[in-house]
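Reminder, nothing fancy here: chain letters follow the sequence lines and each chain counts from 1.
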Amino acid sequence: MSKVITPRGEDAARWYTDVVLRSELADYSPVKGCMVIRPQGYALWERIQGALDARFKETGHQNAYFPLFIPESFLHKEKAHVEGFSPELAVVTIGGGKELEEKLVVRPTSETIMYSMFAKWIRSYRDLPLLLNQWSNVVRWEMRTRLFLRTTEFLWQEGHTAHATEPEAEAETLKILDLYYDFAHNQMALPVLKGLKSEQEKFAGALRTYCIEALMQDGKALQAGTSHNLGQNFSKVFDVKFQNREGGTEHVWQTSWGVSTRLIGALVLGHGDDAGLILPPALAPTQIVVVPIWKTDEEKSTVRQTVEKLIDSLAPHVRIHADLREEVSPGFKFNEWELKGVPLRIELGPRDLAKGQVMVASRLDRRKEPVPLGELVVKLPELLAQFQRSLYDRALKFRNDNTRPAGTYSEFKEQIETLGGFFEAYWCRNSQCETKIKEETKATIRCIPLDGQDGEGACLFCGSLSRTRVILARAY
RNA sequence: CGGGGCGUAGCGCAGCCUGGUAGCGCACUUGCUUCGGGAGCAAGGGGUCGGUGGUUCGAAUCCACUCGCCCCGACCA
């Protein structure tokens, strides 16, 4: 493997692949379109899982697990759903050497199999709300794949809830959207827009799809999470009914929502640079790496002793790792840990020992500052918190600098090509205008932002007066 | 599926045009010296040249077919 990553300015696509492969997040698999998530990448996923799972539990959700295989007929019950997913299904036709009576679909998402069970479990309003989440893999036979951003099989979480009333379902949909928004900001250090998807872009089978939408450093948008209000679309076809307080029978109101391993791609594209990954401290499996430096055997033993004491005192407070390998030089380690995105690095050598200090280097700007040994326990958590803020601020500044009014349609067409980024415009809500824009510019309406819908303007395409403000961008 | 590119050592590549029995860098092994931004020297190990068939005294090299991967477009988290 080459020693350096292809510079982003030279080839952004190659840069992304280089970073993912070289930082050992993932590797290509023998199966086309699939990937192997390596220990580095999986550790990151586990941190994402941990943070989200805690939030789901705090908001009253329970985890469960439903089967990988779904009877083909289930998919066909909801018209829009089957039309949306048919082209990308993997289907099992043979089991145990025999042709199956009914084909089994490998789940592309679990609405249908879950709700067939909901129908069995829900009888009364007392059984509601039912708040479930599942961590699983799903398969969607994509034509074109990219590590983490779009693979044939991916890992995700899918929440599925059932409620007694429409307002309750809508409240749940928005509660999860807020949860995702908060997670993106505070854990991933990525500013995201909360918005509503257009009819064309919404989930197959949903009433409404809300999303969080992020802007990557190459000027392309990335859908980072979705929360759907399913209304009664599925409960009607799966006959998920309950008896209300008044004794009448109603279909439940449902939601589903998810985020996937795509979030790892968002971290790479959102924060990385030509030296590799940059991980937010809140999610970094290793927050601080210690690189000891020595020349003589005598120095080696004193440095090592100090490092061991350091680790013992700091390990309860921060996720810290000492790189004691002797077969590679300190300089090599600096580069390697920077590639892997570890936020802070402590350098500790004879010169530092003499002064009773260490050098602390930040992955953000690669600057180093001396910190007295005795102050580390207090100072390191502060530096990590500061790192987290700075990383977010930098991403926010980037987004602000790359969000602009679309202007006239011809101005927009030119700028989407030359500048990229988010464009603000008004849209008449006519899907023909939306399609035309997409065909002519490759940009899509990313969302109708929930904030700032109080003005009015001319539709970007047809010019008719509109009160719907939208964000457009080219997207992953 | 359309367009472009590539398959030669674990990785990145040269060699191919003009056939003569395979080479470079990194990585790996051993030893010594090193270690504050990808260490140096020395000695080693490792390849059915993607596959099949053909041309030829002889094929990594020429011809035909085939398989696979990557990138760009149409579908999508």
Identify, residue by residue, the members of residues 193-222 of chain A with a heavy atom below 4.0 Å from RNA chain B, and return them in order of residue number, or none. none
Look for any protein N or O under 3.5 Å of an N or O in nucleotides 31-37 of chain B and output each such pair with its distance, or none.
from  : atom 1 : to       : atom 2 : distance (Å)
B:C35 : O2'    : A:Trp294 : O      : 3.2
B:G36 : O6     : A:Gly349 : O      : 3.2
B:G36 : O6     : A:Pro350 : N      : 3.0
B:G36 : O6     : A:Arg351 : N      : 2.6
B:G36 : O6     : A:Asp352 : N      : 3.2
B:G36 : O6     : A:Asp352 : OD2    : 3.4
B:G36 : N1     : A:Asp352 : OD2    : 2.3
B:G36 : N2     : A:Asp352 : OD2    : 2.9
B:G37 : N7     : A:Lys368 : NZ     : 2.8
B:G37 : O6     : A:Arg345 : NH2    : 2.5
B:G37 : N1     : A:Glu338 : OE2    : 2.7
B:G37 : N2     : A:Asn335 : OD1    : 3.2
B:G37 : N2     : A:Glu338 : OE1    : 2.6
B:G37 : N2     : A:Glu338 : OE2    : 3.3

Looking only at the side chains, is there a donor atom on one of A:Tyr210 and A:Asp178 sitting less than 3.5 Å from an acceptor on the other? no
Could you tell me the separation between the OH atom of A:Tyr28 and the C1' atom of B:C70, rounded to a whole number of Å? 7 Å
Please determine, for B:C62, whether a Watson-Crick or G-U wobble partner exists with both distances under 3.5 Å, and give it or none. B:G54
Partner of B:G23 under the Watson-Crick or G-U wobble criteria, both distances under 3.5 Å, comes out as B:C13
Answer yes when A:Asp182 and A:Arg55 have at least one side-chain N-carboxylate O distance shorter than 4.0 Å, and no when they do not. yes
For residues 279-296 of chain A, run the donor-acceptor check on the side chains, cut-off 3.5 Å, and write out each pair with its distance to 0.1 Å, sequence neighbours left out.
from     : atom 1 : to       : atom 2 : distance (Å)
A:Gln287 : OE1    : A:Arg319 : N      : 2.7
A:Gln287 : NE2    : A:Pro281 : O      : 3.0
A:Thr296 : OG1    : A:Glu299 : N      : 3.1

B:A60 versus B:U8 - spacing of their P atoms, nearest Å: 15 Å
Counting only non-hydrogen atoms, which of residues 151-158 of chain A are less than 4.0 Å from RNA chain B? A:Thr151, A:Phe154
Under 6.0 Å between ring centres, would you say that holds for A:Phe74 and A:Phe69? no
Please name the nucleotide paired to B:C69 by Watson-Crick or G-U wobble geometry with both distances under 3.5 Å, or report none. B:G5
Give, ordered by number, those residues of residues 256-290 of chain A having at least one heavy-atom distance below 4.0 Å to an atom of RNA chain B; if nothing qualifies, reply none. A:Ser260, A:Arg262
Separation of atom CG in A:Asp18 from atom P in B:C71, rounded to whole Å: 11 Å
Can you name the one residue among A:Phe56, A:Tyr115, A:Phe66 that meets ring-ring contact (aromatic ring centres under 6.0 Å, His included) with A:His160? A:Tyr115
Measuring only the C1' atom in each nucleotide, how far is B:A22 from B:U61? A whole number of Å is fine. 11 Å
Between B:G36 and B:U30, how far is it from one C1' atom to the other, in whole Å? 29 Å
Could A:Asp365 and A:Arg367 be called an ion pair, given the rule that one side-chain N must be under 4.0 Å from one carboxylate O? yes
Any ring-ring contact (aromatic ring centres under 6.0 Å, His included) involving residues 336-362 of chain A? Give me the pairs, sequence neighbours left out, ordered by first then second residue. A:His321-A:Trp337
Does a salt bridge link A:Glu213 with A:Arg399, judged by any charged N lying under 4.0 Å from a carboxylate O? no
In whole angstroms, how far is the P atom of B:C75 from the NZ atom of A:Lys442? 12 Å
Side-chain H-bond candidate by donor/acceptor type, A:Thr306 with A:Arg304, under 3.5 Å: no
Watson-Crick or G-U wobble partner of B:U18, both distances under 3.5 Å: none
Taking only the P atom of each, what is the distance from B:C11 to B:C17 in whole angstrom? 26 Å
When you check the gap from the basic side-chain N to the acidic O, do A:Arg429 and A:Glu199 get nearer than 4.0 Å? no
Tell me whether A:Arg208 is salt-bridged to A:Glu170, with the criterion being a basic N under 4.0 Å from an acidic carboxylate O. yes
Comparing A:Thr17 with A:Glu142, nearest RNA chain B nucleotide closer to 5' gives the residue A:Thr17
So that I can tick it off, tell me whether A:Glu347 and A:Arg345 are bridged by a salt bridge, with the cut-off set at under 4.0 angstrom between side-chain N and carboxylate O. yes
Determine the interatomic distance between C1' on B:G12 and the same-named atom on B:A27; round to the nearest Å. 11 Å
Integer-rounded Å distance: B:A77 P and A:Met143 CE: 13 Å
In terms of side-chain heavy atoms, does A:His81 have a donor or acceptor partner in A:Glu83 at a distance below 3.5 Å? no
In whole angstrom, give the distance that lies between atom CZ of A:Arg474 and atom C1' of B:G73. 12 Å
Partner nucleotide of B:A42 by Watson-Crick or wobble geometry (both distances under 3.5 Å): B:U30
From CD of A:Glu336 over to C1' of B:A39, roughly how many Å is that when rounded to an integer? 16 Å
Who pairs with B:G47 - Watson-Crick or G-U, where each distance is under 3.5 Å: none
Which heavy-atom pair separates A:Trp15 from A:Val268 by the least distance, and what is that distance? CH2-O, 3.5 Å
Separation of the C1' atoms in B:C70 and B:G23, to the nearest angstrom: 25 Å
Salt bridge or not for A:Arg363 and A:Glu338, using N-O below 4.0 Å? no
Grab the CG-C1' distance between A:Leu21 and B:G10 for me, whole Å please. 14 Å
Should B:C75 form a Watson-Crick or G-U wobble pair with both distances under 3.5 Å, which nucleotide is its partner? none
Please give the distance between the P atoms of B:G46 and B:A59 as a whole number of Å. 24 Å
Centre-to-centre under 6.0 Å for A:Tyr409 and A:Phe461, is that the case here? yes
Take atom P in B:G50 and the same atom in B:C6, then report the distance between them in whole Å. 14 Å
Atom-pair distance (CD1 on A:Ile5; P on B:G12), nearest Å: 15 Å
